[in-house]
Structure formats: C-alpha cells, structure tokens
Amino acid sequence: MDRITKQLVSDFLKSQEISSKGVDKDFEIFANYCVLSKEYNRTFDPRTFTIGSGNDTGIDGIGIIVNGYLVEDVDEVSDLLEQNGYLEVTYVFIQAKTSSSFTSKEIGSFCFGVKDLFSENPGLKRNDDVTKFGDISDFILSNVADFKDDPKCKMYYVTTGRWQGGNDSSVVIEATKSDLYTYNIFGEIDFFPVGASDLSKLYRQTKNPNTAEFVFSEKVTLPETRGISEAYYGILDFSEFRKILVDDNDKIRSIFDDNVRDFQGIDNPVNSKIRSTLEGKDSEKFVVLNNGVTVVARSLKTSGNKFIISDFQIVNGCQTSNVLYQKRDNVYVQALHVPFRLIVTENDGVKSQITLATNSQTAIKTEQLAVLSDFQRNLELYYASTEGDGKLYYERRAKQYSNDSTVIKNRIITVANQIKSFSAMFLENPHMVTSFFGTIAKKISSQGASIFLADHSYAPYYLSGLAFYKLDSLFRSGAIDGKFRKVKFHILMVCRFLAEECDPPQFTSHKKMDEYCKPIIEKLLDYQQCIDLFSKAAEVIEMSEMDLADKQHYKQALMVDKIAEKYKEIYPQKQA
C-alpha cells in the first residue's frame with residue numbers, strides 16, 4: 001500500500017474510532033466507506049456493510065439502497081414500500097485489494113460472487129452477512145410489481161494501483177455485465193475500477209460540506225432583516241436549480257432534513273397534480289401555479305450572478321423538488337422556471353421560524369416537527385455539553401459534522417439510532433426497532449407512548465445514546481461476543497434493568513429522571529462496570545428462550561416478555 005493511502009486509512013480509522021484489524025481488513029472498511037459515501041449521502045456505519053470474511057463469496061462490501069435509504073433489514077424495505085408505494089433500488093458491491101494490480105482472476109471471483117447472489121440456485125457458501133443481504137434482495141425481488149424502475153447494479157473493484165483497461169480484466173467485466181443482464185433484473189449495470197488516486201478523491205469528498213454553485217440572474221434582494229445575513233427572491237432556470245437539487249452522481253441530495261414533511265410519493269394527490277402540470281403543455285404555467293422552493297444556507301459567496309452556497313437545506317418545497325427530480329429528464333421540465341427563495345443565516349432559531357412560516361399552508365403533524373422542535377435543538381446542545389469518555393454528538397441534521405475534523409464520527413448518535421436506543425431501553429420495545437426508523441415513532445405512538453416531547457427530560461435520551469455507543473465499542477473490541485450484535489437493542493433493555501433496580505420516573509420529571517440516569521451513566525463510564533453490565537445482559541438473553549439464529553425471535557413481543565421473565569428469575573433480589 002502506498003504512503004498516501006496508508007495515511008488516509010489511518011485518518012479514517014481515527015475519525016471513526018475504529019481499532020486496527022490489520023492492513024487488509026482496515027483497507028476493506030475504508031474502501032467500503034468511501035464507495036458507499038459516493039452512493040449514499042447520509043451517516044452510516046461502514047462496518048455494518050463490510051462482509052469480507054470466510055464464505056464472503058468474493059465480496060467485501062454490500063450496500064442496498066432502497067428509496068434513498070441504506071437498508072439493513074427486510075422490515076425496513078417493507079416499511080419503505082408501505083410508506084412510498086414503490087421500490088427504487090440500487091445494489092452496490094465492493095471488492096477491495098491492497099495490491100496495486102487489477103487481475104482478471106480476482107475480478108472474475110468478485111463478479112462470480114455478485115452473480116451468485118442473484119442466482120435462483122446459488123452455489124457458493126455464504127456467511128451470515130451475505131445471507132442477510134441475500135434475504136433482503138430476495139424480498140425486494142419478490143415485490144417486482146412495485147418497482148418504480150428496474151434496479152441498478154454497481155460493482156466497484158478497489159485497489160491501490162492504477163487502472164489501465166484494455167486487458168483480460170475488461171473481457172471478464174463485459175462478460176459479467178452480459179450475464180447479469182440475462183437475469184432480467186437490472187435496468188443498469190456498471191463496473192467501476194477504483195485506483196489509489198480515485199480512492200483518495202472519494203475520501204476527501206466525504207469531508208466536504210454540502211455546496212452548490214449556480215447562476216441566479218432573475219432575482220431581487222430582500223430588505224435587511226435581523227438574524228439574516230442575506231436574502232433573495234426570484235426564479236431559477238431548472239438547469240440551475242438542478243445543480244442545487246442533484247449531486248455529481250445524479251442523485252438527489254440529502255437536503256430535506258429541516259423540511260417538515262418527507263416526500264409523500266409521486267402518486268400522492270398533490271404530487272400527482274404537480275406531475276400532470278409538468279408533463280404537458282401547461283408546464284409553462286408551473287412558475288405561477290407552484291409556491292416554489294425555499295433554501296436556507298449557512299454561507300454564501302457571490303460573484304455577479306454566480307452564487308455558491310454551503311451547508312444548505314430545502315426547508316419548503318420538498319414535494320415539488322422530489323417530483324422535479326423524478327421528472328428531471330422530461331423535455332418540459334428542462335424548460336421550466338422555478339420560483340426560488342434563498343435565505344442566508346447561521347441562526348437555527350431563525351431557520352426554524354422560516355421553515356414553519358413557509359409550511360403554514362397545510363396542517364403539520366407533531367411528529368413531523370420533531371427535527372425542528374426546541375427539544376431537538378436542546379438535545380443537541382445537551383449532547384454537546386458532555387465531556388471526556390462520555391462525549392457524544394447528536395446529529396440532528398444528516399452529516400452536519402462531516403466537515404468537522406474534531407468530531408470522532410463513531411461518537412455521533414443519529415436520529416435513527418436515538419429513536420431505536422431510547423425505544424429499546426426506556427419503552428422496552430427492542431422488538432420494534434428493525435423497522436425503518438421513520439415508522440418506529442408512529443408505532444410507538446399507536447401504543448400510547450411518545451418520543452421527543454417538549455417537556456421530556458434530556459437525560460434518558462443521552463443515556464440511551466451513550467449505552468448504544470458503549471455497547472458498540474465493546475463489540476468492536478471483542479469484549480462482548482459479536483454474535484449478540486443481532487440483539488443489541490434487547491441488551492440495552494436488560495442493561496437498564498441490571499443497572500438500576502427501580503423503574504424510571506416520568507420523562508417529564510426532570511430532577512427525578514436526572515437522579516435516576518446519573519448512576520447508570522457513571523457505571524457505563526467505568527470500563528469494568530460497563531463490561532459487567534453488558535456481559536450479564538447478554539447472559540440473560542442467552543439463558544432465555546431467545547434463539548439467536550431465528551430472525552423472527554428478534555421481532556416478537558412475546559420474546560421480550562420471556563427475556564424480562566428470565567431476568568427476574570436470575571436476579572430475584574433486584575425485585576425485592
């Protein structure tokens with residue numbers, strides 16, 4: 001491995017707080033992170049998608065992106081299908097070699113493994129990770145009638161060398177693509193050879209803030225306003241708006257985190273009307289019929305009509321933007337003008353006011369405001385106030401810490417992991433968290449509980465985030481057997497039972513909740529006590545009727561009850 005790549009891998013391991021597992025394994029995880037970050041613009045744990053070990057079928061990394069989300073479970077796919085009414089799928093396969101050569105033999109082995117994953121009669125022996133992704137793929141393919149388009153297949157072969165092309169490897173690649181097309185699964189199949197310089201560029205891109213450069217000529221400058229650096233209103237040619245909406249890989253950016261509504265699907269009644277306007281001769285009326293798009297950016301550089309915005313979000317116009325993205329290649333859409341408002345501010349309070357004001361035309365559900373609420377912002381500050389070994393960062397907006405080199409990325413708690421860990425640890429719902437996180441809050445609410453309420457104490461949220469981080473650290477170090485990763489949220493629940501004998505107070509009782517959480521936090525921050533807690537929790541689960549080989553056990557409320565019963569049986573003194 002060359003000197004530059006070694007340094008980049010070292011920087012990556014440090015930023016992710018990942019212990020070295022040897023040159024080859026470190027490079028695999030690094031390559032998977034770089035490639036998947038190119039295809040997926042949200043925060044993720046690259047180890048989850050690194051499958052290179054025994055019986056890996058010649059593949060080191062697999063990512064399956066469904067409706068814009070990197071999925072880890074069949075339930076997530078099912079929820080996304082129910083929520084959106086369709087499936088839009090991209091398969092990403094990665095093979096990483098520290099050697100400097102692209103050999104046809106190694107490429108052939110990789111390609112054969114990819115083909116085997118989609119075979120109706122696979123012949124290669126699969127490890128647990130490959131089996132998991134194979135099951136996800138089988139479920140996706142069983143819902144072919146719901147495909148929006150035929151899936152895409154992207155294969156990345158990564159080495160520390162330089163791709164020359166025009167050799168036997170090219171023949172193997174073309175033959176593989178031809179074979180895959182005969183499966184009648186894919187609309188597009190691509191193979192990307194990635195050398196050292198390509199990998200370096202991909203890694204540096206992961207550190208860049210969200211930026212866009214466009215020409216904004218038809219505009220007026222809005223009056224100076226307190227809390228707002230600059231503001232403009234006007235119309236953008238779609239070709240310029242597309243530069244804001246779409247990244248260099250022709251993927252829609254992750255710029256809707258501050259919008260109050262997720263995309264409701266192309267067949268939603270409102271979106272159907274937008275689509276019908278775009279698809280015909282009435283498209284020229286779009287500029288007067290549509291409310292347009294509001295973007296809030298943290299910084300702006302201008303040179304005449306050329307604008308460069310950084311760290312920006314679309315706070316109003318999520319539905320419009322997504323429909324435009326879906327129809328971006330339509331001849332009528334390409335001739336459109338988009339009503340456009342740009343506001344530049346570093347004040348999060350002002351940003352929220354703008355978001356709420358620009359979305360006031362229809363009713364907003366409470367759960368849709370979660371990311372905008374004072375509670376969320378204050379929870380972020382609560383996390384920021386932590387220090388030492390308990391220092392964590394709450395990621396309220398996707399990749400908000402991506403360009404902050406002082407933040408150890410493994411210490412970031414995403415909204416998804418916050419919801420899952422809090423639900424498991426304090427609501428005792430570990431069986432529910434395999435779902436797509438966007439639906440978990442709804443399921444919790446249907447059972448009479450809620451999360452992220454304005455009067456909740458922040459302590460249990462931080463505690464559950466800390467427990468999630470600490471357990472993950474013990475898995476990474478090998479202190480807790482990796483076979484228990486599958487039931488990590490069940491372990492969080494039992495950990496709370498073990499750490500504190502009494503039931504938690506009401507979430508609205510701030511002082512009592514702080515007093516309840518403090519000793520548990522102290523135990524988690526003591527290395528030996530932390531290991532003891534999680535080891536005992538794992539033992540409780542192993543001694544219960546939970547079958548770690550049965551995926552359905554993870555999802556059964558009955559199994560949660562059996563784990564609780566086994567805990568009471570083993571530790572009766574804690575019930576006294």
Side-chain angles (χ1 to χ4, degrees), residues 1-13 15-16 18 20-41 44-53 56-65 70 90-117 127 129-130 133 152-174 176-177 180 188-207 248-249 251:
M1 191 187 304
D2 64 273
R3 180 176 178 180
I4 298 299
T5 304
K6 283 181 181 179
Q7 184 57 47
L8 294 178
V9 172
S10 176
D11 180 83
F12 163 74
L13 294 177
S15 69
Q16 296 281 338
I18 297 176
S20 175
K21 300 295 184 183
V23 174
D24 290 343
K25 179 58 67 176
D26 293 347
F27 185 71
E28 286 177 11
I29 300 174
F30 173 69
N32 291 338
Y33 176 75
C34 293
V35 169
L36 285 175
S37 293
K38 174 178 179 287
E39 298 291 340
Y40 183 69
N41 51 21
F44 65 95
D45 185 344
R47 293 161 303 172
T48 303
F49 306 95
T50 299
I51 65 172
S53 60
D56 58 19
T57 70
I59 304 170
D60 289 330
I62 298 179
I64 303 177
I65 302 171
L70 198 55
T90 297
Y91 290 90
V92 182
F93 298 97
I94 306 156
Q95 175 60 268
K97 297 291 184 182
T98 55
S99 64
S100 59
S101 60
F102 291 84
T103 65
S104 57
K105 180 180 178 181
E106 295 289 353
I107 291 176
S109 176
F110 170 50
C111 291
F112 188 82
V114 173
K115 290 189 291 184
D116 190 74
L117 189 84
N127 62 31
D129 289 324
V130 179
F133 285 109
K152 297 177 182 179
C153 178
K154 298 187 176 184
M155 295 172 281
Y156 289 83
Y157 190 86
V158 184
T159 79
T160 60
R162 182 179 180 184
W163 173 253
Q164 300 293 336
N167 50 29
D168 290 344
S169 297
S170 298
V171 176
V172 172
I173 292 166
E174 292 306 314
T176 298
K177 291 168 66 175
L180 285 172
E188 296 179 25
I189 300 173
D190 292 297
F191 189 101
F192 301 95
V194 179
S197 61
D198 304 308
L199 195 60
S200 175
K201 291 177 184 177
L202 289 178
Y203 182 59
R204 290 189 177 96
Q205 287 173 6
T206 68
K207 294 172 170 280
D248 293 338
N249 300 308
K251 288 181 171 49

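- Cation-pi geometry between Lys38 and Phe192 is met: under 6.0 angstrom from the ring centre, within 45 degrees of the axis.
- Two rings, from Tyr203 and Phe30, have their centers less than 6.0 Å apart.
- Residues Thr57 and Asp116 bring no donor and acceptor atom of their side chains to less than 3.5 Å of each other.
- Between Asp26 and Ser20, the side chains place a donor N or O and an acceptor N or O closer than 3.5 Å (distance only, hydrogens not considered).
- Within the 4.5 Å cutoff, the side chain of Tyr157 has heavy atoms near those of the Lys97 side chain.
- Among all heavy-atom pairs drawn from Val194 and Tyr156, the shortest one is CG2-CD2, 3.8 Å.
- In this structure, Lys21 places its NZ atom where more than 12 heavy-atom neighbours from other residues, nucleotides or ligands lie under 6.0 Å away.
- Between the CD1 atom in Ile173 and the CE atom in Met155 there is a gap of 8.0 Å [rounded to 0.5 Å].
- A distance of 10.0 Å separates OG1 in Thr90 from CG in Asp190, rounded to the nearest 0.5 Å.
- The distance from atom CZ of Phe44 to atom CD1 of Ile65, rounded to the nearest 0.5 Å, is 9.0 Å.
- Taking the ring centroids of Tyr33 and Phe49, they lie at or beyond the 6.0 Å cut-off.
- Between the CG atom in Asn41 and the CG atom in Leu36 there is a gap of 12.0 Å [rounded to 0.5 Å].
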